Amino acid sequence: MLSERSANAARVQRGLRRDRLLVSLGDAAREHGWEVSLVGGAIRDVLHGRTAHDLDLILGPPVRPVLDWLEARSSHRPISFDKRILTHRLTIEGRPVDCVERAPRSLLRELGRRDFTVGAIAFDLAAWRVIDPWHGLRDWRLGRLDPPRDDAFRADPLRVLRGVRLALEFPKLHLTRRAILLMRAAASRISRVSPERLREELDRILMSPRASHGIRQLSAVGALTSLLPELETCRGVTQNRHHHLDVFEHTLLALKAADNPLVLGRGVIDPVRDAAGLIPRAQLTLRWSLLIHDLGKPATRTVGTDGQVHFFGHERRSAEMIESIGARFAFSRERERAIETVVHHHLRLVVQPAGIISDRALARVIRDVAPHTATLALHTLADKRASHGVAHARTTQRLRATVARLLALQSEIDARTARGRLITGRDVIEILGCAPGPYIGTVLSQAEERRDSGELQNRAEALEWLRSLIDLPLP
């Protein structure tokens, strides 16, 4: 036991030696007699073999000289705020640095305030040694996520989400039975947490490699009832012959399908051309849209005279829910619009029995969802992978062909758009002899739609089409 602990402590020392900022700060602390301790995620990262990015420091008196030293290396002056404890935030070489003032508390008490014992390990930068009063190194070795005290989650209910997130980000760690019981007891208090903090943790859960497992864990500890009660309502809502799972389980399986967008779109989406599948913002849109896309099903479920289950208009009902969900988590308007676009149109690529969607129809989809075409394509593939209904293999093959054509058409449209409009408003006025007005915009939009579908390839064809309108009555 002791040798294992010593080995992990030595591992922390070696890992932090590679961090020039911490080495320099340690030298300054030693020279001036400052009390500076590194805590939290940075030590966890080093134990996991990762480079520490976010730095959390506990400062003992005197605080001002340490802040001055850090400010001289920061891109901005310290931003100070008091959330029960005076905290100062800086950014040094792109790294967030949070400094907590320890006094009048002892370091031991300050560490006891942390969320989990593996985050209650301190590293004294002046003495260059590990301080581990809550046996965090032992729990790291055992793979345990356990709070240092019984009221850890009541003190800050956001830690319920953080515990789920840490178990996702560090697969070797698992929540103890004690932690889960304490999380369940505090889950009802999550509504007291600010929307911005909830959104940040949920985003990280959804961006983890096992997002669906995270949502399931939130449900298991009772947190989903406060966070996304609309999804809990989907549990047990049976579907039709196109699905093999209820709405809740289908949603989680679709989310799981999107864990790796490259794998999801393999053979259909070119990862170089359609990099939107890899950009974090697009991935968040994809995962939030998958989480929300069927929330309207419980309210729209009907059973026909033939006994078949239908969900007519569920995509519109789901899209309508995004405004209230966005307010709950302080979404930006841009994020709301992106998620709403994908959810509202998520059935547009569903292949009809004939197995064909025309280029003109696909061009309309592209115009309606731009700039989220690749995200919609990935969403549709994930949704299909989670729907093992009748003729699943055949309809999946048709869908993949449709998605491939959609993205190829998107590239063609982008190339044509880059060359500019085929006709102008002046062309419309001169050829049709009409006065300036809304009709000109309508004609230009029709010309662009025909260009996007490939019906009009060049200016000569567009002018010929425009001349064909001469005999039509003007509105």
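Keep in mind the model is a prediction, meaning the values are calculated, not measured.
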Is it the case that the side chains of [Y] and [X] hold a donor-acceptor pair, with the cut-off being a distance below 3.5 Å and no angle test?
| X | Y | value |
| --- | --- | --- |
| D294 | H314 | yes |
| T91 | H76 | yes |
| H88 | E101 | yes |

Is there a side-chain contact between [X] and [Y], using heavy atoms and a 4.5 Å cut-off?
| X | Y | answer |
| --- | --- | --- |
| R149 | W134 | no |
| V63 | L86 | no |
| T251 | L290 | no |
| I339 | I325 | no |
| R178 | D146 | yes |
| L21 | L55 | yes |
| E232 | S219 | yes |
| H242 | T395 | no |

Hey, is the main chain of [Y] close enough, under 3.5 Å, to the side chain of [X] for a donor-acceptor pair?
| X | Y | result |
| --- | --- | --- |
| R335 | G326 | no |
| R89 | I79 | no |
| D45 | A52 | no |
| T373 | A370 | no |
| T396 | H392 | yes |
| K256 | H213 | no |
| T87 | I85 | yes |
| H135 | D132 | no |
| H372 | V342 | no |
| D151 | R154 | no |

Only one of D124, I58, L25, L22 clears side chain to side chain contact (heavy atoms under 4.5 Å, CB included) with V36; which?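 Exactly one option meets the side chain to side chain contact (heavy atoms under 4.5 Å, CB included) with V36, and it is L25.
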
Let me confirm one number: the [atom1]-[atom2] distance from [X] to [Y], rounded to the nearest 0.5 Å.
| X | Y | atom1 | atom2 | result |
| --- | --- | --- | --- | --- |
| S318 | I292 | OG | CD1 | 8.5 Å |
| L145 | W140 | CG | CH2 | 9.0 Å |
| R73 | L70 | CZ | CG | 7.5 Å |
| S74 | D68 | OG | CG | 12.0 Å |
| L158 | S194 | CG | OG | 7.5 Å |
| T402 | Q397 | OG1 | CD | 10.5 Å |

Side-chain ion pair, [X] and [Y], N-O less than 4.0 Å:
| X | Y | result |
| --- | --- | --- |
| R337 | E340 | no |
| E169 | R162 | no |
| D203 | R287 | no |
| E196 | R199 | no |

Yes or no on side-chain contact (heavy atoms from CB on, under 4.5 Å) for L228 and R328, after CA distance, side-chain angles and deciding distance? CA-CA 9 Å; L228 206 60; R328 195 179 309 158; 3.7 Å; yes

Less than 6.0 angstrom from the centroid, inside 45 degrees of the normal: does [X] satisfy that with respect to the ring of [Y]?
| X | Y | value |
| --- | --- | --- |
| R30 | W128 | no |
| R50 | F170 | yes |
| R159 | F153 | no |

Could you tell me whether [X] atom [atom1] has more than 12 heavy atoms of other residues or ligands within 6.0 Å of it?
| X | atom1 | result |
| --- | --- | --- |
| R64 | CZ | yes |
| Q308 | CD | yes |
| E200 | CD | no |
| R333 | CZ | yes |
| E323 | CD | no |

[X] versus [Y], closest heavy-atom pair with distance:
| X | Y | result |
| --- | --- | --- |
| I357 | R348 | CD1-O, 3.9 Å |
| H250 | L245 | N-CB, 3.9 Å |
| R102 | P61 | NH2-CD, 3.5 Å |
| A28 | W34 | CB-CZ3, 3.7 Å |
| A374 | L407 | CA-CD2, 4.2 Å |
| H293 | V343 | CA-CG1, 3.9 Å |

Parallel, tilted or perpendicular: which one describes the rings of W288 and F329, with boundaries at 30° and 60°?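 Rings of W288 and F329: tilted, 30 to 60°.
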
Residues forming a side chain to side chain contact (heavy atoms under 4.5 Å, CB included) with A220, sequence neighbours excluded: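 Testing A220 for side chain to side chain contact (heavy atoms under 4.5 Å, CB included), a comparison that skips the adjacent residues, returns Q217.
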
Test side-chain contact (heavy atoms from CB on, under 4.5 Å) on S212 and L253 and set out the steps. CA-CA 7 Å; S212 61; L253 189 57; over 6 Å; no

Step by step, would you call R301 with T238 a side chain to side chain donor-acceptor pair (under 3.5 Å)? CA-CA 9 Å; R301 187 181 189 276; T238 57; 2.8 Å; yes

